[in-house]
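Atom set for the values below is all heavy atoms of this structure, side chains included, hydrogens, waters and symmetry mates excluded. Letters go in sequence order (proteins before strands), and every chain restarts at 1. Being a predicted model, the structure only gives us computed values, none of them experimental.
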Amino acid sequence: MPHADAKFSFPENKRLKSSQRIRFIVAQRKSIAKYPIKCFYQTDFCQTSGGNIRVAMLVSKRKFRHAVDRNRVKRLFREAFRLNYNILTIPNNLNLDICWMFVGQELPEFSTVSKVSIELLKTLQTIINQNISHEKNN
RNA sequence: AAGGAAAACCGAGUUGUCGCAACUGAAAAGUUGAGGAAAGUCUGGGCAACACAGAGCACCAUACUUCCUAACAGGAAGGCGCAGAGAUGCGACAGAUAGUGCCACAGAAAAUAUACCGCCUAAUAAAAGGUAAGGGUGAAAUCGCGAGGUAAGAGCUCACGCCGUUAGCAGUGAUGUUAACGAGGGUAAACCUUAUGGGUUGAAAGACCAAAUAAACCAGGGUAUGAGGGCUGCUCGUCCGACCUGGAGGGUAGGUUGAUAGAGACUUGUGGCGACACAAGUUCGAGAUAAAUGACAACAUAAAACAGAACCCAGCUUACGGGUUUUCCUUUUUU
RNA sequence: GGAUCGGUAGUUCAGUUUGGUUAGAAUACAUGCUUGUCACGCAUGGGGUCGCGAGUUCGAGUCUCGUCCGGUCCG
């Protein structure tokens, strides 16, 4: 499944950085969830520069008071995404933005995070495929 | 050996695969990559802007002495007090004789005093006078205790002890000690007094570059008879001064720098009881900007505590699994 | 990153300036009265480690220090 070049890299253009954009995506409330992760997503059609996935990790300060724990969760999320994002295949005229939000109460293990993120990415792929076929029909 | 006290230190590494940030490099690739507290933001400073930084009041902080330090509420050495069997630990540790206030309830009385039960005076009682030893109240009762003294008593007198002032001696000094004199409730983490110190604001400070627009509209004030401002609570002084305030709206929200070689660290030597200072030599590498250290496997296997740099230092405080070293104390046993 | 305010019955707040020994009000809760019944109303009652730990004091919700938690402001 993975391509020959740039298999698992996580470069700058795959990160969602704008705080305005993150607020917009979370406010749209288009999400799928499986404990302990909630995934907000937003698709945009763009003819010139498409085919890019951007992702951001959100951990509430209320859930984890210490910066160490928040960093830990964000790193686990990023690692799980980095190893598994090749599940997603999107067409060249589409941009996808994702926000992973942690909704659990205790520090997760890497194995559970990885498993859950694979399932979420698969369901996301099916949703995107439905959207694409819907657009084509229109 | 057991129990305890103090000080200093460590805060897991190696290899492989995948990945992140900075730097080097044409590229391949290579090098480096969180802490002892990075934390709390409790002190002090550097740095920067505001008048190169004014005056007075207010306000705040500190409070045994000498020294160290860029500075401090920090540290060292010492004095005094308290705790402990000791090693040691802890201490907002100036002033109540500058003044004002407060001291609930109980109690006669809570501070220029006063007298409930008592005691004494005359033969007794009442009344009157003299007393404060004893009782009782209270957290605290006119210094404690003994002797003299007296009608009974009282710092009324004396010795000893507590406290203050002055003088002598020892000490740089806090202080200790001896003598003389003097007063006698507590409270200053009550107001306050004395001494010393503090200009204000913080890197979201500030500097530069680029991009964009509205020098427009409405209302009020002002234009030298002075609006308003100069990042301070008030007053003064001084400087700038033609725009200022509000409403409704429009635009931008990028980059570089500040920003990581410093009151740096280590070793040796000299001076000092010590904190520390001086000299010589050696050595250095996080610098991000939605924000970098992670995942998996193996290595004797269990990797675990508190915890993540955001301008930088010096300290303090708080959190901390496990471990190492040194010095000292007490008890028991043996020699 | 910096500045600043708060924490008191189940809930919302007083009381902290000037320390004083029953820590109060409203609401909620419980019981009784009222009513044919419920609500309203009336009466009574229970309920508090004053966030936590030290210190000062005879005595601390109040003063001081440390600590934990929560909020607000600064482009």
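Within the 4.5 Å cutoff, the side chain of A/Pro108 has heavy atoms near those of the A/Val73 side chain. Residues A/Tyr41 and A/Ile127 form a side-chain contact, since some pair of their non-hydrogen atoms from C-beta on lies under 4.5 Å apart. With a 4.5 Å cut-off on side-chain heavy atoms, A/Val55 and A/Cys99 do not count as touching. Annotation: side chain of A/Phe81 is in contact with side chain of A/Ile53 (closest heavy-atom distance under 4.5 Å). Contact of the A/Lys74 side chain with the A/Phe102 side chain is not registered, since no non-hydrogen atoms from C-beta on lie closer than 4.5 Å.
Comparing B/A174 with B/U88, their P atoms are spaced 27 Å from each other, to the whole Å. Nucleotides C/G66 and B/G95, compared at atom C1', are 29 Å apart to the nearest Å. Rounded to the nearest Å, the gap between the C1' atom of B/A314 and that of B/G74 is 9 Å. Nucleotides C/U27 and C/U67 are separated by 34 Å at their C1' atoms, to the nearest Å. Taking atom P in both C/A30 and C/C74, the straight-line distance is 46 Å, to the nearest Å. The gap from the P atom of B/C72 to that of B/G199 amounts to 13 Å, rounded to the nearest Å. Comparing C/A9 with C/C52, their P atoms are spaced 10 Å from each other, to the whole Å. Taking atom P on both nucleotides, B/A76 is separated from B/G281 by 33 Å, rounded to a whole Å.
With a cut-off of 3.5 Å on both Watson-Crick or G-U wobble distances, the partner of B/A179 is given as B/U166. The partner of B/G25 cannot be assigned: no Watson-Crick or G-U wobble pair with both contacts below 3.5 Å exists in any strand. Nucleotide B/C9: paired with B/G323 (Watson-Crick or G-U wobble, both distances less than 3.5 Å). Across all strands shown, nothing is found opposite B/A302 as a Watson-Crick or G-U wobble partner with both distances under 3.5 Å. B/U172 is unpaired under the criterion used here, namely a Watson-Crick or G-U wobble arrangement in which both key atom distances are under 3.5 Å. The partner of B/A76 is B/U66, judged by Watson-Crick or G-U wobble contacts that both fall below 3.5 Å. Figure legend. B/A71 is base-paired to no nucleotide; pairs are counted as Watson-Crick or G-U wobble with both atom distances under 3.5 Å. Across all strands shown, B/A259 forms no Watson-Crick or G-U wobble pair with both distances under 3.5 Å.
Following chains of ILVMFWY side-chain contacts shorter than 4.5 Å, one cannot reach A/Leu58 starting from A/Val68, and the two form parts of different hydrophobic clusters.
Toward the 5′ end of RNA chain B lies the nearest nucleotide of A/Phe10, the other residue of the pair A/Val68 and A/Phe10 mapping further downstream.
One interatomic measurement links the two molecules: CG of A/Asn13 to C1' of B/C20, which rounds to 14 Å at whole-angstrom precision. What separates CZ of A/Arg70 from C1' of B/A307 is a distance of 12 Å, to the nearest Å.
A/Leu16 CG to A/Ile22 CD1: the interatomic distance, rounded to the nearest 0.5 Å, is 4.5 Å.
B/G36 has its base syn relative to the sugar, with a glycosidic angle deviating from 0 by at most 90°. Using a 90° window around 0 for the glycosidic torsion, B/G155 falls inside it and is classed as syn. Regarding the sugar-base torsion, B/A34 falls in the syn class, its angle being within 90° of 0.
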Base contacts versus sugar-phosphate-only contacts with protein, heavy atoms under 4.0 Å: please encode nucleotides 287-298 of chain B as B, S and - from 5' to 3'.
---BS-SBSS--
So A/Lys30 and A/Phe40, side chain to side chain contact (heavy atoms under 4.5 Å, CB included) or not? Walk me through it.
CA-CA 6 Å; A/Lys30 289 168 71 175; A/Phe40 295 92; over 6 Å; no
Reading RNA chain C 5' to 3', what string of ( ), [ ], | and . shows its pairs, if Watson-Crick and G-U wobble pairs count only when both distances fall under 3.5 Å?
((((((((.[[[[.)....(...]]]].(((((.......))))).....[[[[[..)....]]]]]))))))).
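Phosphate proximity of B/A39 to A/His66: absent, as no side-chain N or O sits under 4.0 Å from OP1 or OP2.
One N or O on the side chain of A/Gln125 and one on the backbone of A/Thr89 form a donor-acceptor pair closer than 3.5 Å.
Ion pair A/Arg82/A/Glu79 flagged as a salt bridge, since at least one NZ, NE, NH1 or NH2 atom sits closer than 4.0 Å to an Asp/Glu carboxylate oxygen.
With sequence neighbours excluded, no residue forms a salt bridge (Lys or Arg N to Asp or Glu O under 4.0 Å) with A/Lys14.
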